[in-house]
Amino acid sequence: MEANAPIVKFHSVAKRYGDGALVLDGIDLSVETGDFVTLIGPSGCGKSTVLKLVSGLSPWTTGEVTVAGQAPRQARDRQSCIFQDATLLPWLTAQANVELPMRLRGENTAVRRARAAEMLSLVRLNDARDFYPRQLSGGMKMRVSIARALSVAPELLLLDEPFGALDEMTRNHLNEELLALRARAPFTAIFVTHSVSEAVFLSNRIFVMAARPGRFQAEVRVEFPCPRRPELREQPEFQAKVNEVSRLLHQVEGVEVR
Amino acid sequence: MEANAPIVKFHSVAKRYGDGALVLDGIDLSVETGDFVTLIGPSGCGKSTVLKLVSGLSPWTTGEVTVAGQAPRQARDRQSCIFQDATLLPWLTAQANVELPMRLRGENTAVRRARAAEMLSLVRLNDARDFYPRQLSGGMKMRVSIARALSVAPELLLLDEPFGALDEMTRNHLNEELLALRARAPFTAIFVTHSVSEAVFLSNRIFVMAARPGRFQAEVRVEFPCPRRPELREQPEFQAKVNEVSRLLHQVEGVEVR
Amino acid sequence: GKKEAPSPVTGSTALIKVRFQTDWFPEPEHGGYYQALAKGYYAAEGLEVEILPGGPNAQVMSKVATGRADLGMTNGDDVIVAVARGLPLKMVAAEMQRDAQGIMFHGENPLTSLRDLNGRTVMAGAGSVWIKVLEKRLGVHFNLLPLAGDLARFMNDKHFIQQCFVTNEPYFARQRGADARALLIASDDYAPYRVIFTGNDYIAQHPDLVRRFVRASLKGWTDYMTGDPAPGNALLKKLRPDLPDDFFAYSMQAMKDYRLVAGDPKRAERIGQLSSERIERQIKLLQEIGVLDKPVAEKDVVTFRFLPDDSWPGGKRPPLDVY
Amino acid sequence: MKRASAIWGWILPVVTGAMIIALWYGVRVVTGMQSWILPTPLEVLQAAVHERQLLLAAAGNTAVGALLGFTLAGVAGWVTSIVLGSSLSLRRSLYPWLLVLQMTPVIVLTPIIVLWAGAGLPGIVTVTFLISYFPVVANMTQGLLSTDRNLVALFRMSNASRFQELLLLRVPSALPYFLAGLRIAATLAPIGAIFGEYMVGSSAGGTGGLGFLVYSYNTQIKIPALFATALTSCLLGFIFVAGVALFNWAVLHKWHDSYEQPDR
Amino acid sequence: MKRASAIWGWILPVVTGAMIIALWYGVRVVTGMQSWILPTPLEVLQAAVHERQLLLAAAGNTAVGALLGFTLAGVAGWVTSIVLGSSLSLRRSLYPWLLVLQMTPVIVLTPIIVLWAGAGLPGIVTVTFLISYFPVVANMTQGLLSTDRNLVALFRMSNASRFQELLLLRVPSALPYFLAGLRIAATLAPIGAIFGEYMVGSSAGGTGGLGFLVYSYNTQIKIPALFATALTSCLLGFIFVAGVALFNWAVLHKWHDSYEQPDR
Ligand SMILES: Nc1ncnc2c1ncn2[C@@H]1O[C@H](COP(=O)(O)OP(=O)(O)OP(=O)(O)O)[C@@H](O)[C@H]1O
Ligand SMILES: Nc1ncnc2c1ncn2[C@@H]1O[C@H](COP(=O)(O)OP(=O)(O)OP(=O)(O)O)[C@@H](O)[C@H]1O
Ligand SMILES: [Mg+2]
Ligand SMILES: [Mg+2]
């Protein structure tokens with residue numbers, strides 16, 4: 001896995017929507033190729049906004065954001081995103097929804113079929129392949145969305161609370177699958193979650209964010225070797241890291257709570 | 001708190017959507033007044049469907065469901081529901097969304113204002129009162145939805161993964177607020193969650209569900225006294241219960257995973 | 001003028017196609033042409049005439065002016081106005097000596113002259129020349145309702161007055177039991193022809209076809225009016241299965257009663273005739289009432305050279321054939 | 001339950017129809033109106049039976065004009081909206097002029113239509129087209145612009161081309177709007193064709209259409225037959241509307257919320 | 001950036017307009033067409049200036065009829081859709097008959113309209129109403145039925161009455177549909193009024209509207225003036241459309257996706 005070329009770079013970025021209050025302020029971030037960066041912080045602190053800036057869906061107010069040295073919008077073909085909502089097209093079946101990004105890239109039908117089937121079985125939805133979104137449960141929708149994002153093997157993956165609607169086992173299973181995928185086809189990830197242990201299990205860098213305005217309060221480096229095995233979760237070093245992050249988070253939120 | 005009159009009763013209920021496969025089968029459930037019942041189980045096992053049957057939003061196929069002795073639809077004025085999605089009206093501000101159920105009940109403006117403000121501060125959204133849903137983050141939307149459901153002080157509260165999109169501290173805070181509310185104005189609750197510790201902390205009965213078709217695999221009674229304090233989470237009995245439920249869940253899902 | 005090459009009138013040569021545009025759906029007011037068609041008068045002249053039925057917005061003059069039809073028929077005023085607006089057209093013969101437009105009213109509420117219209121409400125075509133004539137000449141003003149095409153209001157209201165064709169609407173109103181009467185709009189003062197006209201280019205290129213068409217058409221009209229109209233009517237009925245048989249008789253009778261086609265012999269009017277003096281008068285009138293915004297010369301609107309000899313006043317063709 | 005519902009689908013409009021007919025008779029009796037203003041339903045029916053051959057032939061002619069005009073309007077409306085929906089600049093450049101086209105009274109264009117398209121069928125189709133085109137465009141364009149912004153974000157993120165965004169996202173999500181527009185167009189097409197016949201028609205080639213009959217019955221004061229013509233035109237319209245409804249069902253029932261609402 | 005965008009909003013249609021005018025002249029030159037078929041824009045403008053008094057007075061008359069008819073159509077369309085949207089039975093009972101009303105050619109109803117409403121303004125308003133009513137109903141009804149099912153579930157769960165569900169949920173969520181319908185109605189109202197004047201107008205009390213002028217200029221073959229009349233009618237229409245656009249903005253911009261799309 002090559003490293004060290006910064007793929008995402010924020011240079012003292014601030015962001016406000018319209019003429020509202022500052023949502024992000026003084027954000028500096030440099031994500032190296034191969035990093036698995038996690039953003040964690042209280043609800044509404046601006047995590048999704050950071051991802052929106054990276055993907056060029058919303059303009060920043062001051063500072064500068066680059067992705068692979070380019071403006072974010074120019075670098076979209078390197079990225080794939082799992083949004084906080086499932087955002088499935090209601091007129092397509094689960095299978096067709098998963099195929100969508102490949103279709104947009106002009107992949108041929110056979111490849112699309114095969115890859116979508118593979119991804120659907122990864123998220124354990126083989127049986128729901130022909131269901132329309134309105135026939136899927138909340139968690140199933142989210143899993144289709146995950147399958148869709150993973151289907152294109154991106155260079156940079158943005159994940160906005162992808163596993164929040166899933167039960168623990170499915171969640172752990174998908175955590176592991178994510179790492180397995182990463183071992184096969186390395187990608188850089190920016191990950192948003194509310195689960196500290198998930199953050200520690202998956203990432204090598206965790207940013208703890210504070211709110212009003214959203215800012216990076218602390219960075220925690222997680223140095224466990226890759227590939228990580230499920231057993232890691234049981235080890236005391238792991239628990240220690242989890243506790244460290246939790247403590248930071250409590251500090252941040254303690255400020256937040258009046 | 002009066003107890004023992006069953007407020008929700010399922011008698012060997014089965015359910016399928018259209019002419020699809022059975023989604024629920026052989027469901028027997030009797031929720032007593034004052035119960036806090038939690039449903040926990042793999043994604044897609046039918047938890048939301050159970051809630052839909054209770055609220056009369058979807059018809060069951062065989063068996064019988066009654067709420068307070070009546071058909072579910074007749075008993076809707078006793079219920080309030082937090083849906084898995086936030087389902088806010090996009091043309092109303094956060095405040096107006098919270099006021100909505102009170103408006104539907106013909107509450108007068110002053111009462112509505114006051115109560116909505118109270119609920120918004122409970123979920124820590126005072127500052128976002130005038131925001132439209134599209135200006136809210138995912139977690140904020142969900143919190144508005146929670147505030148809305150709690151604003152009417154229902155007899156029976158249905159909660160479908162209300163806290164899934166929230167960070168741990170906000171989540172714990174709301175767990176505690178929920179119990180506090182319950183101590184002040186007792187209500188019966190049917191709660192869906194993926195967090196075992198949340199389930200144990202909040203409920204007196206936990207049903208572990210299995211999938212295909214959805215069914216109740218095990219019931220766990222949680223006998224900790226009420227009101228429960230946050231410190232309970234640190235106690236070994238608590239951890240033991242969590243482990244018990246987790247084990248049951250793993251059994252269930254082990255069957256599920258091919 | 002240029003010498004016209006005589007064309008074979010009969011014989012083995014193929015018939016020459018001529019498209020003739022009428023101003024309305026096929027009706028007895030077009031009887032002469034259908035008679036000519038039915039009796040083979042056109043064929044006898046070497047013409048294969050196609051009668052293009054009109055309808056609302058038939059745009060007869062534009063069609064002829066742009067070559068979408070070779071000849072057409074309409075109210076004589078219209079041709080004068082059209083020429084003033086720049087359409088390259090000329091009248092070549094009169095189809096009727098008097099335009100058939102009239103005013104229809106109930107017998108219970110009679111009009112004796114057009115002056116009686118003053119202050120009334122009349123359903124009539126907005127912008128019609130005759131309305132302006134009444135206003136300017138007689139000082140008659142009335143409230144105008146647009147001509148929507150229905151007779152129901154007439155039937156429902158004994159005071160209702162509307163524009164009509166004297167050959168047409170009164171029949172149906174009477175059929176339904178109304179005592180419908182009609183007053184011809186044309187008078188000594190204001191007497192528009194109904195004319196056959198064609199484009200200047202067509203005159204220049206096919207003068208002979210024009211002559212033959214006029215000759216055959218007038219023959220058809222003469223035959224239709226004085227002989228047995230059955231052949232022409234048979235053609236018409238095929239095209240208009242919706243019209244009752246009696247109607248044809250009524251129309252014919254009206255054309256005769258009002259001396260529409262051949263005019264009044266006492267004034268030396270004859271079938272097909274176009275009088276230079278009358279047209280001059282008409283142009284002057286139109287100018288006077290402000291319909292023509294620029295002067296028009298008689299020679300721009302009419303040519304007399306295609307009139308058969310016997311259609312000239314006194315039966316003699318004038319020596320000059322300047323137009 | 002499904003079955004009962006289907007039966008009610010027939011019974012209810014028939015009951016209302018009966019009430020309307022009763023009202024109709026009532027109006028006749030109370031106002032003492034004559035049958036040349038408002039014939040009774042029975043008279044209309046008798047006239048319809050009596051004139052059935054003329055009516056049928058005319059309806060056939062009108063149907064051809066209406067169908068061609070409608071199809072043209074649907075297709076052209078679809079294409080235009082896609083062009084308009086594809087870029088703000090195009091929308092700004094063209095939409096005002098489309099409005100001009102829509103708002104120019106057909107009566108003014110009649111001479112041009114007759115001369116360019118020709119009287120009879122081509123002119124009638126043109127008029128029908130002009131009348132039913134804009135509702136499709138207006139609706140479909142609104143639909144294209146109302147696409148869920150989260151889905152648009154998905155497409156933008158996936159680096160979809162403008163064309164893909166339009167074709168794979170905006171067009172399907174605008175379908176309910178398009179179909180509402182098409183439904184309006186379907187009701188406009190037959191009256192558009194009749195109006196066309198009334199304006200630029202000619203009776204060339206037979207009986208002419210229903211518009212011609214309207215003229216004819218109007219001058220002949222055959223008012224019951226006139227109403228029978230209107231009835232025929234409604235029936236024709238219903239065929240169009242039914243066609244659109246079927247299409248609507250086929251396209252939307254699997255996924256659109258108008259086809260699955262929670263139980264009351 | 002906002003500013004530049006506003007300027008482009010003016011420049012682009014003007015540029016297209018210039019192109020259309022160029023094309024117009026081109027057609028004139030190439031086809032050798034005469035001004036009695038297609039006058040040049042300059043001739044039209046000259047005619048407009050020359051006839052400005054007649055045109056202005058007529059436009060005023062037409063505007064009154066159009067505005068009244070439009071308002072009536074908007075309000076009645078709104079109310080009707082709410083009635084239709086409130087219950088399946090009502091929808092089944094009434095919708096087919098609304099279609100019948102919409103599909104009955106106005107030409108057939110003219111005598112009844114005149115008899116009941118009277119010639120002149122009342123009749124014109126009625127015709128305008130009949131023409132612009134249905135698009136509002138069709139669109140708004142589709143909108144009422146397309147409400148997000150999750151939101152409907154919320155209302156059902158909250159034990160909302162049918163009336164509340166309709167008023168607080170379905171009506172606001174149908175607004176974009178309603179407004180699309182209103183936009184169509186806005187373009188139809190002025191031509192509807194002109195058509196109304198053409199059919200049931202009356203010259204009593206003045207010039208009698210643009211419909212009279214159309215008739216009159218047509219008979220007198222004053223083609224440039226005829227086009228000037230069409231131009232006037234378009235300008236009138238633009239005022240209506242602009243009104244609806246403003247209303248649209250006021251009602252939707254705060255929350256509807258058509259007013260906030262992600263950056264490309
Ligand atoms: N409207 C529908 N039509 C058909 N099938 C449906 C429908 N809604 C749900 N289902 C099916 O019912 C099953 C249970 O769905 P349900 O939403 O109850 O799951 P759940 O337990 O809430 O899952 P999750 O935790 O993912 O929300 C799923 O397999 C789903 O595919
Ligand atoms: N379109 C918008 N317009 C105005 N304000 C917005 C908009 N989107 C987000 N915000 C504001 O920006 C802040 C951060 O939102 P963001 O969605 O980034 O939060 P988040 O960290 O993802 O929260 P969550 O964990 O709840 O998803 C919030 O206060 C929100 O109100
Ligand atoms: Mg977020
Ligand atoms: Mg669920």
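Chain identifiers are assigned alphabetically (A, B, ...) following the order of the sequence lines, protein sequences preceding nucleic acid strands; residue numbering begins at 1 within each chain.
Ring pair D:Phe70/D:Phe240 is perpendicular by interplanar angle, where above 60° counts as perpendicular and below 30° as parallel. Using cut-offs of 30° and 60° for the angle between ring planes, the A:Phe191 and A:Phe163 rings count as tilted.
Under the 4.5 Å side-chain criterion, counting only non-hydrogen atoms from C-beta, A:Val54 is in contact with A:Phe10. The side-chain heavy atoms of A:Leu24 and A:Pro213, taken from C-beta on, include no pair separated by under 4.5 Å. Considering only heavy atoms from C-beta on, D:Asn139 stays 4.5 Å or farther from D:Phe178 through its side chain.
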Quick one: donor-acceptor pairs under 3.5 angstrom, chain D versus chain A?
| residue | atom | partner | partner atom | Å |
| --- | --- | --- | --- | --- |
| D:Arg156 | O | A:Arg76 | NH1 | 3.3 |
| D:Gln164 | NE2 | A:Leu104 | O | 2.8 |
| D:His253 | O | A:Arg134 | NH2 | 2.9 |
| D:Lys254 | O | A:Arg134 | NH2 | 3.3 |
| D:His256 | O | A:Arg134 | NH1 | 3.2 |

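Between the side chain of D:Thr104 and the backbone N or O of D:Val100 there is at least one donor-acceptor pair closer than 3.5 Å.
Listed by first and then second residue, the ring-ring contact (aromatic ring centres under 6.0 Å, His included) pairs involving residues 122-165 of chain D are D:Phe129-D:Tyr133 (not counting sequence neighbours).
Contacts of A:Leu88 with chain D are made by backbone atoms alone, with heavy-atom separations under 4.5 Å and no side-chain atom involved. When heavy atoms are compared at a cutoff of 4.5 Å, D:Leu169 approaches chain A by way of both its backbone and its side chain.
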